[in-house]
Amino acid sequence: MNAIQTRLAAPGDAAAMSDLLAQRHRRDRSRIPSLTAHLSEPAAWRSMVDGLLANPRADVQVAMRAGAVVGFLAGERMLLGPADFASQFIPPQSIQSGLESQAVADGEDALNILRALYAVLARTWVDAGFFTHRISITHGDAELQEAWVTLGFGRYMTAATRPTANPVPLAKPRAIRIERASPEDIEDVMALADNLNAWHWQAPMFWPILEAPAAAAHQFNVAALRNADVPYFVAYEDGRPVGMQTFLRPGFTPPIVDHSSDVYLFEGVVSDDVRGGGVGAGLLAHSMEWARRAGHETCTLHFASGNPSGAPFWLGHGFAPVEHTMERTIDSRVMWARPKGS
Ligand SMILES: CC(C)(COP(=O)(O)OP(=O)(O)OC[C@H]1O[C@@H](n2cnc3c(N)ncnc32)[C@H](O)[C@@H]1OP(=O)(O)O)[C@@H](O)C(=O)NCCC(=O)NCCS
């Protein structure tokens, strides 16, 4: 077998890269038939690949064997300002590599190819001060997951999808009033969002609660509340807000789910003192009924993979995983704890 060589990607690689992505998507669809059909064609990936190749913050390497492109890997340098809304979710000076940013040819050894590509890119990123790397994989791709785990990554977040028409069983029916929030309800919305952040701050998630992006989060929610297309639902009990589920389009739904028929569930939370009492299921039944009537066939959301509350709740209510985000943080002491003489 010819050895693998890596090099910087060039615009002329776009067709080969799109073809590799379509190959992977066909493999993914054989396991998860609900994934969007159109990405089985290379042409459907082309604009995403062209975007990667034109992105000045993206580093892209291809793997070659006997003159053919047999894999590629890309990552975007995230340089968000600390007060940016997205900084609530994306670590400073980190690398993001989405599902459009990597593929390995059918029949190739994924670990062999990704290890060669990641070695080159990780060197570049670490030298430039990017120590946290996040990559996405499709659910159930055991070979790809094994490759990334071998390279030091662990599961951080999961995206999951459910058909909106599937019934939501109400094990504990509860007398709540569910209302579509308006911009005047922003304080109730922010209080429930704070409650969700406080949950994620705890073990085993340990997500930081940052002050800097708080004003941007407020603005983001006000803008979303003004949007007539998708609702924020708030549940009230005895006049008190006790839970919410908020929706966006396209939100953060991964590209492998058909965006045209999907709605994204952004934040789902129930007040601490009434959790486990049926409010969450009641809200979900209400919001899935809204989504179905509005013509959205699927609903997608993310949860912290280790969330002991959200993960079992969504998985127990018909959401099936489609994508996992894997994360690795490199020990930054490597920059000063060096071999003698280097
Ligand atoms: C997740 C959450 C929104 C669910 O709302 P809720 O009102 O507590 O849920 P309900 O009472 O309607 O439904 C509970 C059911 O969900 C399932 N469920 C919830 N937690 C579960 C767990 N830890 N293990 C197994 N099943 C669980 C069970 O079917 C449970 O029924 P049970 O109480 O009879 O066992 C709420 O618990 C919450 O706010 N959790 C903290 C924040 C969070 O994780 N939000 C999601 C972010 S992705």
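Order of listing sets the numbers, starting from 1, for every ligand and every atom in it.
A side-chain donor-acceptor contact under 3.5 Å links Ser305 and Thr158. Counted by atom type alone, Asp272 and Trp199 present zero donor-acceptor pairs between their side chains at under 3.5 Å. Side-chain contact annotation: Gln245 with Ser287, donor-acceptor N/O pair under 3.5 Å present.
Looking at ligand 1, you won't find any N or O of Gly282 less than 3.5 Å from one of its N or O atoms. Considering backbone and side-chain N/O atoms, Gly268 comes within less than 3.5 Å of an N/O atom of ligand 1. Any N or O atom pair closer than 3.5 Å counts here, and Gly278 shares at least one such pair with ligand 1. Checked against a 3.5 angstrom limit, the closest N/O atoms of Arg275 and ligand 1 fall inside it. Considering backbone and side-chain atoms alike, Val269 places every N or O at 3.5 Å or more from each N or O of ligand 1.
Set against the non-hydrogen atoms of Gly277, the atoms of ligand 1 under 4.0 Å away are 11 (O). The atoms of ligand 1 that sit less than 4.0 Å from any heavy atom of Gly276 are 6 (P), 7 (O), 8 (O), 11 (O), 33 (O). Heavy-atom contacts of Trp314 reach the following atoms of ligand 1: 46 (C), 48 (S) (cutoff under 4.0 Å). Of all atoms in ligand 1, listed by their number and element, those nearer than 4.0 Å to a heavy atom of Asn307 are 43 (C), 44 (O), 47 (C). Residue Leu196 approaches ligand 1 through these ligand atoms, each under 4.0 Å from one of its heavy atoms: 42 (C), 43 (C), 45 (N), 47 (C). The Val279 neighbourhood of ligand 1 comprises atoms 7 (O), 12 (O), with distances under 4.0 Å to a heavy atom of that residue. Taking every non-hydrogen atom of His302 and a distance limit under 4.0 Å, the qualifying atoms of ligand 1 come out as 48 (S).
Both the backbone and the side chain of Val270 come within contact range of ligand 1, each with a heavy atom under 4.0 Å. Counting heavy atoms closer than 4.0 Å to ligand 1, residue Ala281 contributes atoms from both its backbone and its side chain. At a heavy-atom distance under 4.0 Å, only backbone atoms of Pro308 (N, CA, C or O) approach ligand 1.
Under the 4.0 Å distance rule, the nearest protein heavy atom to atom 46 (C) of ligand 1 falls inside the cut-off. Protein heavy atoms all stay at least 4.0 Å away from atom 35 (O) of ligand 1. Distance check on atom 22 (C) of ligand 1: some protein heavy atom falls below the 4.0 Å cut-off.
Lys172 NZ, 4.5 Å is the protein heavy atom nearest to atom 31 (O) of ligand 1. The closest protein non-hydrogen atom to atom 20 (N) of ligand 1 is Ser309 O, 4.0 Å. Scanning the protein heavy atoms around atom 27 (C) of ligand 1, the nearest turns out to be Pro312 CB, 4.0 Å.
In this structure, of Phe303, Phe266, Phe313, the residue bringing a heavy atom nearest to atom 14 (C) of ligand 1 is Phe313.
Ring pair Phe153/Tyr118 is perpendicular by interplanar angle, where above 60° counts as perpendicular and below 30° as parallel. Using cut-offs of 30° and 60° for the angle between ring planes, the Phe252 and Phe266 rings count as tilted. Taking the six-membered ring for Trp and thresholds of 30 and 60 degrees, His317 and Phe313 have ring planes inclined between 30 and 60 degrees apart.
Aromatic ring centroids of His302 and Tyr264 lie under 6.0 Å apart.
Heavy atoms of Glu267 come nearer than 4.0 angstrom to ligand 1 in no pair at all.
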